[in-house]
Amino acid sequence: MSATSTFDQAIALARAERAAVHHAELDAASWGFGPRVHGGLLMALGGHALSLDLREESGHADPISLSAYFLSPAQSGKAVVSTQVLRRGRSHTSAMACLAQDGRERMRILATFGNMADQPSADPVRVFTAPPRMPSPEKCVGTEAAPPELLKEAPFLERLDLRLDPQCVGWALGVPSGQSWMQGWLRFPDDREPDPLMLLLAVDCLPPVSLDLGVLGWAPTLELTAHIRARPAPGWLRLKHSTVLVGGGYMEEDAEIWDSEGRLVAQSRQLARVGRA
């Protein structure tokens with residue numbers, strides 16, 4: 001990982017005296033929405049702790065599947081991330097990670113890790129969907145064009161080079177499109193290349209689809225499950241989020257992440273609350 005990347009600094013860990021326990025420093029002023037630390041960043045932090053510990057324990061350092069449960073809002077300040085192996089197999093290890101602040105649990109992750117280098121190269125790949133079609137990054141809308149009040153409320157957007165498809169920005173102009181999807185391009189502005197830990201952030205970094213449906217307010221995540229399908233190639237990531245059901249105060253949101261070679265490298269589904277201005 002790049003020593004100068006702001007993302008790597010945000011998910012940096014210092015090992016405690018006890019095994020499988022790490023110290024972290026959370027910064028909502030840089031990676032937050034309001035006073036809360038962004039959920040995708042927390043997933044990447046938990047994934048980082050698991051990757052470090054499972055690499056040493058079993059050689060299974062690559063996230064394959066993570067389910068994160070957000071139990072209470074994480075704030076700026078010190079945090080402790082602890083990990084525990086639940087089952088060790090030849091090809092996969094199942095484990096748990098808990099992130100706590102001041103003795104209060106903020107997030108719990110159940111995960112399966114493996115070694116992507118062990119995947120058979122001759123295994124046929126069958127993909128029954130396609131990368132989202134949209135203008136080039138240069139013709140999409142960057143976060144610098146976002147309303148100032150949004151950037152003030154969501155400072156994590158300034159840590160990303162995120163370009164939205166022009167079809168998906170009506171909500172920011174007060175004229176939501178009513179469509180059930182959001183898509184755009186993503187990379188880090190400091191040229192840090194994507195990897196599996198970045199994918200854990202990417203599945204949760206687009207504005208919620210509910211905004212372009214005219215449902216005001218952010219959409220805090222209750223649970224998010226991410227599947228990492230391959231190591232991404234260098235370059236831009238293409239993101240698409242969509243929903244098929246918004247109602248009763250909740251929304252499911254599915255994500256697809258495609259790399260610069262047109263491969264589907266990550267998928268996710270989350271359950272979020274909506275309608276809270």
Side-chain angles (χ1 to χ4, degrees), residues 1-13 22 24 26-27 30-33 37-52 54-55 60-68 81 97 99 107 109 111-117 119 131-132 137 142-143 154-164 182-207 221 224-241 253-270:
M1 293 186 294
S2 167
T4 60
S5 166
T6 56
F7 174 67
D8 292 326
Q9 293 169 12
I11 62 171
L13 295 163
H22 307 263
L26 304 182
D27 181 10
S30 297
W31 288 93
F33 183 82
V37 179
H38 182 253
L41 191 281
L42 296 178
M43 278 191 70
L45 181 66
H48 187 202
L50 286 164
S51 181
L52 291 174
L54 297 185
R55 184 190 305 275
H60 296 152
D62 295 321
I64 305 298
S65 176
L66 284 87
S67 293
V81 185
L99 186 150
M107 176 189 68
I109 289 176
T112 298
F113 273 63
N115 186 345
M116 289 185 178
Q119 295 176 348
T143 53
F156 78 92
L157 291 174
E158 298 188 75
R159 302 293 176 265
L160 310 173
D161 189 351
L162 182 64
R163 315 279 183 93
L164 293 183
M182 187 86 64
Q183 59 189 31
W185 300 88
L186 174 68
R187 66 180 179 182
F188 284 123
D190 56 16
D191 296 326
R192 188 215 193 259
E193 296 293 358
D195 65 1
L197 292 180
M198 180 187 176
L199 296 180
L200 296 176
L201 171 73
V203 297
D204 192 36
C205 73
L206 284 180
T221 304
L224 191 156
T225 295
H227 297 158
I228 308 303
R229 308 307 301 269
R231 290 184 176 276
W236 286 97
L237 296 174
R238 269 185 282 188
L239 285 55
K240 183 172 183 178
H241 291 192
E253 191 171 72
D254 295 325
E256 294 180 356
I257 312 297
W258 301 78
D259 72 1
S260 61
E261 295 181 355
R263 299 181 304 153
L264 182 60
V265 292
Q267 300 163 277
S268 74
R269 167 166 284 193
Q270 67 171 283

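A quick note: this is a predicted structure, and the numbers were derived from the prediction, not measured.
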Trainee: Looking at every non-hydrogen atom in both residues, tell me the closest pair between Gln183 and Pro132 and how far apart they are.
Mentor: OE1-CB, 3.3 Å
Trainee: Do you know the tightest heavy-atom contact between Arg263 and Ala230?
Mentor: NH1-CB, 3.8 Å
Trainee: To check you understand the geometry: which heavy-atom pair defines the closest contact between Ala226 and Val203, and what is its length?
Mentor: CB-CG2, 4.3 Å
Trainee: Kindly indicate whether the side chain of Met43, heavy atoms from C-beta on, has any atom under 4.5 Å from the side chain of Asp204.
Mentor: no
Trainee: Taking the side chain as C-beta and beyond, is there a heavy-atom pair between Leu162 and Leu206 under 4.5 Å?
Mentor: yes
Trainee: For the side-chain contact (heavy atoms from CB on, under 4.5 Å) test, which of Leu13, Leu197, Ile109 pairs with Leu45?
Mentor: Leu13
Trainee: Are the side chains of Phe188 and Leu201 in touch, meaning some heavy atoms are under 4.5 Å apart?
Mentor: yes
Trainee: Can you find a pair of side-chain heavy atoms, one from Asp27 and one from Val37, that are under 4.5 Å apart?
Mentor: no
Trainee: Atom CG of Leu164 and atom CG of Leu186: how far apart are they, to the nearest 0.5 Å?
Mentor: 10.5 Å
Trainee: For a 4.5 angstrom cut-off between non-hydrogen side-chain atoms, does Asp161 reach Trp236?
Mentor: yes
Trainee: Working to the nearest 0.5 Å, report the span between CZ of Arg159 and OG1 of Thr143.
Mentor: 10.5 Å
Trainee: Taking Ser260 for the side chain and Pro234 for the main chain, is one N or O donor matched with an acceptor at less than 3.5 Å?
Mentor: yes
Trainee: I want to check something: taking the side chain as every heavy atom from C-beta on, are Ile228 and Val265 in contact at a cut-off of under 4.5 Å?
Mentor: no
Trainee: Looking only at atom types and distance, does a side-chain atom of Arg238 sit under 3.5 Å from a main-chain N or O of Gly262, one as donor and one as acceptor?
Mentor: no
Trainee: Less than 4.5 Å apart, any side-chain heavy atom of His48 and any of His22?
Mentor: no
Trainee: Of the non-hydrogen atoms in Ala61 and Ser51, which two are nearest, and what is the gap between them?
Mentor: O-OG, 2.8 Å
Trainee: More than 12 heavy atoms of other residues, nucleotides or ligands under 6.0 Å from CZ of Arg229: yes or no?
Mentor: no
Trainee: How far does CD1 of Ile257 sit from CG of Leu199, to the nearest 0.5 angstrom?
Mentor: 7.0 Å
Trainee: Output the distance between atom CD (Glu193) and atom CZ (Arg231), rounded to the nearest 0.5 Å.
Mentor: 13.5 Å
Trainee: Spell out, as yes or no, whether a donor-acceptor pair under 3.5 Å connects the side chain of Glu256 to the backbone of Ala266.
Mentor: no
Trainee: Check the pair Leu41, Phe156 against side-chain contact (heavy atoms from CB on, under 4.5 Å), reporting the backbone distance first and the verdict last.
Mentor: CA-CA 9 Å; Leu41 191 281; Phe156 78 92; over 6 Å; no
Trainee: Could you give the distance from CG (Leu66) to OG1 (Thr225), rounded to the nearest 0.5 Å?
Mentor: 9.0 Å
Trainee: What's the separation between atom CG in Asn115 and atom CG in Leu54, rounded to the nearest 0.5 Å?
Mentor: 12.0 Å
Trainee: Quick one: closest heavy-atom pair of Phe7 and Ala44, and the distance?
Mentor: CZ-CB, 3.7 Å
Trainee: Any sub-3.5 Å donor-acceptor pair from His38's side-chain atoms to Cys205's backbone N or O?
Mentor: no
Trainee: Do side-chain atoms of Asp190 reach the backbone of Thr6 as a donor and acceptor pair under 3.5 angstrom?
Mentor: yes
Trainee: What pair of heavy atoms forms the shortest contact from Ala202 to Leu239, and how long is it?
Mentor: O-CD2, 3.5 Å
